[in-house]
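Reading through the structure tokens given below for one structure.
Side chains included, hydrogens not; waters and symmetry mates left out as well; all remaining heavy atoms used. Remember, it's 1-based here, ligands and their atoms both numbered in the order they're listed.
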Amino acid sequence: MNDAPRTYDVVVIGAGPVGENLADRTQAAGLSTVIVESELVGGECSYWACMPSKALLRPVIARADARRLPGLSEAAAGPLDSAAVLARRDAFTSHWKDDGQVDWLTSVNVGLVRGHGRIDGPRQVTVSTPDGGTVRLTARHAVAVCTGTTAALPPLPGLADVHPWTSREATSAKAVPESLVVVGGGVVAVEMATAWQALGSRVTVLVRGGELLPRMEPFAGELVADGLREAGAEVRFGVSVTSVAREGRTVRVGLDDGGELTADEILFAIGRKPHTDDLGLDTVGLTPGGWLPVDDTLQVTDIADGWLYAAGDVNHRALLTHQGKYQGRIAGAVIAARAKGEPLDDTPWGAHVATADTEAVPQVVFTDPEVSAVGRTAVEAEQAGRRIKVVDHDLAGVAGASLYGDGYRGRARMVVDLDRGHLVGVTFVGPGVGELIHSATVAVAGEVPIERLWHAVPSYPTISEIWLRLLEAYRG
Ligand SMILES: Cc1cc2nc3c(=O)[nH]c(=O)nc-3n(C[C@H](O)[C@H](O)[C@H](O)COP(=O)(O)OP(=O)(O)OC[C@H]3O[C@@H](n4cnc5c(N)ncnc54)[C@H](O)[C@@H]3O)c2cc1C
């Protein structure tokens, strides 16, 4: 059954965290807004990414921390209760039901159309609904694409018959496999290797390159590799998968060094691809299947009249929920200002540009040890032509860190832009550093003069005293 065309000020395609935030902002600004969702309101993040992965990892990290504390280590010596961990994970995904998030959309007055949305010419979106019908939507002001990404898989013959795990299965599996091969060395690979090894799998990580977490400071990947090995996982570098075949319950994995492995499951965590292949991009002159390039106001470049926006993973600026939600807030403000004919503040760090996407993206990797970083690495800063000073410090030398756990190992780096006199990047690696990163984000995004940071006194005895050590080392 086909509905009569409906007109809204703003049509958002994709109700992941980014679409939800963008829709909330435009509706709050007085623009009627509808959101189109083909699966679950809440997106990848709520059901197959951030929430379930962190629910799996929280007990793993808590146990690792407890094992470093005499008086508690004995009590934490045993295995995790994997059934209880998986049950808590299920609760955090609301058992893969989206009623709570649909209620929230209703409470903020955003309309919802369930189905697959496709752009159908300028300002037009056609939705194929689950009952076989069609809903036609027209946007007075803007269409915002917030369709996210899916897991990339390698072009290996017979891969589909192997039923490999992607991030979806790795975050939603109902049982612990006896053995698991993890292909990849990025964040999803190291987090899922950490989780399943601790839950009882024998994990082997296969990395094509020579390091883990290649986009971060090199010591991050080194310390995480040490942590994985100490937890019992095998980590192999410089190796690629050339063949896969399933024989009964076993996956046979062929390697380019001539070796072979067998495991119960294989997880490919080799990257993401944009959810744009069946989005009608060709109807407005864009290439299906590609990332959607945007300017700093989140407007898709190369589109006449500026009615098309893309926010979140799909624009490839920073594939992180918090950064996509920031983009959603900025894009919402941009769409509202343009609709009302108000001027944009699009100077760097202005209200209508996502400057932090290039200058101050924070990220936490929930492994043991944790990694947290913001801004540029030393190499990235140099490549950007900055004149920098790199200051490193051993985190174990801080009183708060040694109190945090015996045998504490960790490292910190700050990258100082010598011409601008402020930090452009900070990385911490060590237990408990995830909660430390926002201090660095404020310093980097705020471009706080390095001399003023000397007056930001960290509490004693916290791990934050690393700031004092880094600043002392900088001042010589
Ligand atoms: C295992 C894993 C762990 C992660 N952990 C973290 C973390 O801890 N912290 C963090 O910040 N980031 C994390 N991320 C990244 C995070 O999941 C993404 O950055 C985030 O989900 C992006 O949000 P989004 O709204 O852009 O896209 P998504 O969350 O992917 O949502 C897109 C939505 O659009 C819908 N959609 C797509 N196409 C259409 C269409 N044509 N019509 C209608 N609907 C459509 C989809 O069904 C989906 O609901 C993790 C990723 C993975 C894979």
Side-chain angles (χ1 to χ4, degrees), residues 11-23 34-58 92 96 98 101 112-120 125-130 135 137 143-152 165-172 182 184 186-195 267-281 288 291-292 298 310-328 331 361-367 370-372 434 437:
V11 177
V12 180
I13 311 178
V18 179
E20 287 181 312
N21 269 260
L22 196 153
V34 67
I35 199 163
V36 182
E37 174 53 51
S38 56
E39 282 191 87
L40 294 176
V41 174
E44 207 69 13
C45 177
S46 302
Y47 308 101
W48 300 283
C50 327
M51 290 310 275
S53 63
K54 269 76 248 183
L56 291 175
L57 283 159
R58 179 68 204 124
F92 269 91
W96 292 273
D98 64 2
Q101 304 216 36
L112 170 65
V113 177
R114 288 202 186 265
H116 187 97
R118 289 179 192 86
I119 296 169
D120 193 11
V125 173
T126 301
V127 187
S128 306
T129 56
V135 174
L137 301 168
V143 173
V145 176
C146 304
T147 52
T149 55
T150 51
W165 277 15
T166 66
S167 48
R168 282 207 164 190
E169 290 74 21
T171 50
S172 63
V182 177
V187 177
V188 174
V190 296
E191 285 189 347
M192 290 300 92
T194 301
L267 161 63
F268 284 95
I270 58 169
R272 311 289 301 171
K273 60 178 184 166
H275 224 154
T276 58
D277 38 1
D278 187 16
L279 194 60
L281 291 182
W291 301 98
L292 278 177
L298 286 320
D313 275 17
V314 77
N315 66 26
H316 208 218
R317 282 167 75 95
L319 277 68
L320 290 161
T321 290
H322 46 270
Q323 213 61 29
K325 285 160 71 174
Y326 161 77
Q327 292 171 17
V361 175
Q363 177 159 23
V364 175
V365 187
F366 293 80
T367 41
E370 287 177 350
V371 179
S372 61
I437 199 60

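Which parts of ligand 1 touch Glu37 is read off a 4.0 Å heavy-atom cut-off, strictly below it: atoms 33 (C), 34 (O), 35 (C), 43 (C), 44 (N), 46 (C), 47 (O), 48 (C), 49 (O). Near Leu320, the atoms of ligand 1 lying under 4.0 angstrom from a non-hydrogen atom of the residue are 10 (C), 11 (O), 12 (N), 19 (O).
At least one heavy atom of Leu40 sits closer than 4.0 Å to an atom of ligand 1. Residue contact check for ligand 1: Arg272 places a non-hydrogen atom closer than 4.0 Å to it. Residue Pro52 places no heavy atom under 4.0 Å from ligand 1. Contact between Ile13 and ligand 1 is present, with at least one heavy atom of the residue lying under 4.0 Å from the ligand. The closest approach between a heavy atom of Ser53 and any atom of ligand 1 is below 4.0 Å.
If you check each of Val187, Leu22, Thr166, Thr321 against atom 12 (N) of ligand 1, the one with the closest non-hydrogen atom is Thr321. Counting heavy atoms only, Pro17 comes closest to atom 23 (O) of ligand 1 of the residues Ala15, Gly16, Pro17. With atom 8 (O) of ligand 1 as the reference point, the heavy atom nearest to it among His275, Arg168, Lys54 is part of Lys54.
Side-chain atoms of Val314 and Thr276, non-hydrogen and from C-beta on, do get closer than 4.5 Å to each other. Taking the side chain as every heavy atom from C-beta outward, Trp48 and Leu40 approach each other to under 4.5 Å.
Lys54 NZ: more than 12 foreign heavy atoms inside a 6.0 Å radius.
Checked against a 3.5 angstrom limit, the closest N/O atoms of His322 and ligand 1 fall inside it.
In this structure Gln101 satisfies the side-chain contact (heavy atoms from CB on, under 4.5 Å) test together with Glu20, Val41, Ser46, Tyr47, sequence neighbours excluded. Taking the side-chain contact (heavy atoms from CB on, under 4.5 Å) definition, one finds that Ser167 meets it with Ala151, Val188, Arg272, sequence neighbours left out.
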